[in-house]
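Below is one structure, written out as structure tokens; the observations come after it.
Atoms within a ligand are numbered from 1 in the order they appear, just like the ligands themselves.
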Amino acid sequence: RAKESGRSRFKVFSQRMHDQNVRLLELETELRKSLERDDFVTLLQPIVDLDNKRLNGFEALVRWNHPKLGMISPAEFIPLAEDTGLIHPLGEWVLRNVCSTIRDWEKQFPPGTPLNISINLSAKQFVQPTLIPQLREILELTGITPSNLRLEVAETVLMNHASIAIEMLGQLKDLGISLSMDDFGTGYSSLSYLRQFPIDALKIDRSFISRFGEDAESQVLVRSIISLAKNIGVAVVAEGVDTDVQSAMLKDLGCEYAQGYLFARPMPREKAEALLRGDEVLDI
Ligand code: C2E
Ligand code: MG
Ligand code: MG
Ligand code: MG
């Protein structure tokens, strides 16, 4: 009996693996078609200054809006896009889309408006030799103030390619672009390396913030990341802040910026513009 149920469990399992492969193939085909049709949107999630809860900028988060499959989360399609190389056209689409938003905003809003937008770069994008010329071209074409564009690269990506990363980040800085180390705390950065990265900010990974206040360990970790950031002279942003308690504790520890559902969810461009105009305020 035991054997039999083991076998049928295996059948269910392999059926599921098969279904999963079929779905992946389907998604790859659809991803290609969608790139031609422009089925993507970038949502913008506010980043706030914890001192006064004022807007400090946005992070662009891409969504795949498939006509039949509906909204697909980047957690599902970014890995697929990386494996198939489709991350390059997709990444270029995001860069052009966001830079044209920044260009429109620079024309529309008075100086001093916090209209910088961060873009996530995956591992493959970051090490792609065409990245720098591509960015230079987009910056020239749009004429934006380069520091209004921020690029986020995950700590693990930077650490896995440390010497190339230092070189690449240097070139990006030379273009005037702002840089953040994303998902910080998930890798094992050594302080000596960290000092060599010409970054402007560290973003504390959401997993630490969500456990923050519940277990002592994450509290120690968050505290040490904040002091580390101060030590090397970079700003610190907490991501995934979704309670008042987390927000208050982070502020007490000296964390300057935060992002999370407590302040706002990723939103369409029109809503972000209403915030920038002051027609709408963050609901906190
Ligand atoms: P990330 O860069 O760490 O982005 C933060 C993620 O946390 C976003 O998920 C955001 O919606 C979510 N988040 C923010 N605040 C909260 C909160 O309070 N609670 C919870 N539960 N979640 C919160 P999203 O949009 O699903 O993006 C997931 C990941 O996909 C991003 O992680 C980033 O690594 C990647 N990604 C998104 N857009 C792009 C893109 O344009 N290009 C590339 N290469 N990767 C992207
Ligand atoms: Mg990010
Ligand atoms: Mg992040
Ligand atoms: Mg994260």
With rounding to 10 degrees, what does the angle E152:OE1 / the Mg ion (ligand 2) / E59:OE2 come to? 90°

If Ile, Leu, Val, Met, Phe, Trp and Tyr residues are connected whenever their side-chain heavy atoms lie under 4.5 Å apart, and connections chain through other members, are F212 and I47 in the same group? no

Describe, in one word, how the ring planes of F77 and F40 are oriented to each other, choosing from parallel (under 30°), tilted (30 to 60°) and perpendicular (over 60°). tilted

F197 and Y193 aromatic ring geometry - parallel, tilted or perpendicular at 30°/60° bounds: tilted

Taking [X] first and then [Y], would you say they form a salt bridge - that is, a charged N and a carboxylate O separated by under 4.0 Å?
{"X": "E36", "Y": "R32", "result": "no"}
{"X": "R96", "Y": "E137", "result": "yes"}
{"X": "D200", "Y": "K173", "result": "yes"}

[X], [atom1]: over 12 other non-hydrogen atoms inside 6.0 angstrom:
{"X": "E217", "atom1": "CD", "value": "no"}
{"X": "K124", "atom1": "NZ", "value": "yes"}
{"X": "R54", "atom1": "CZ", "value": "no"}

For ligand 1, indicate whether the residue [X] contacts it via side chain, backbone, both or neither (heavy-atom separation under 4.0 Å).
{"X": "N120", "value": "both"}
{"X": "S122", "value": "both"}
{"X": "R265", "value": "neither"}
{"X": "V241", "value": "backbone"}
{"X": "D205", "value": "neither"}

Suppose I only count heavy atoms of [X] and a 4.0 Å limit; which atoms of ligand 1 are within that range?
{"X": "P266", "result": "11 (O)"}
{"X": "L61", "result": "4 (O), 8 (C), 10 (C), 11 (O), 25 (O), 27 (O), 37 (C), 38 (N)"}
{"X": "V94", "result": "41 (O)"}
{"X": "Q45", "result": "14 (C), 15 (N)"}
{"X": "E239", "result": "3 (O)"}

Polar contacts were defined as any N/O atom of the residue lying under 3.5 Å from an N/O atom of the ligand; does this apply to V62 and ligand 1? yes

Could you say whether the N/O atoms of S73 and ligand 1 ever approach to under 3.5 Å? no

Assess [X] for proximity to ligand 1: is some non-hydrogen atom of it under 4.0 Å away?
{"X": "G240", "value": "yes"}
{"X": "Q125", "value": "yes"}
{"X": "K203", "value": "no"}

Pair T101-R269, side-chain hydrogen bond (donor to acceptor under 3.5 Å, both in side chains): steps then yes or no: CA-CA 8 Å; T101 298; R269 174 177 165 167; 3.3 Å; yes

Any donor-acceptor N/O pair, D183 side chain to K203 backbone, under 3.5 Å: no

Backbone or side chain, does D182 get an N/O/S atom under 2.8 Å to the Mg ion (ligand 2)? yes

If the cut-off is 2.8 Å, does any N/O/S atom of N120 fall short of it from the Mg ion (ligand 2)? yes

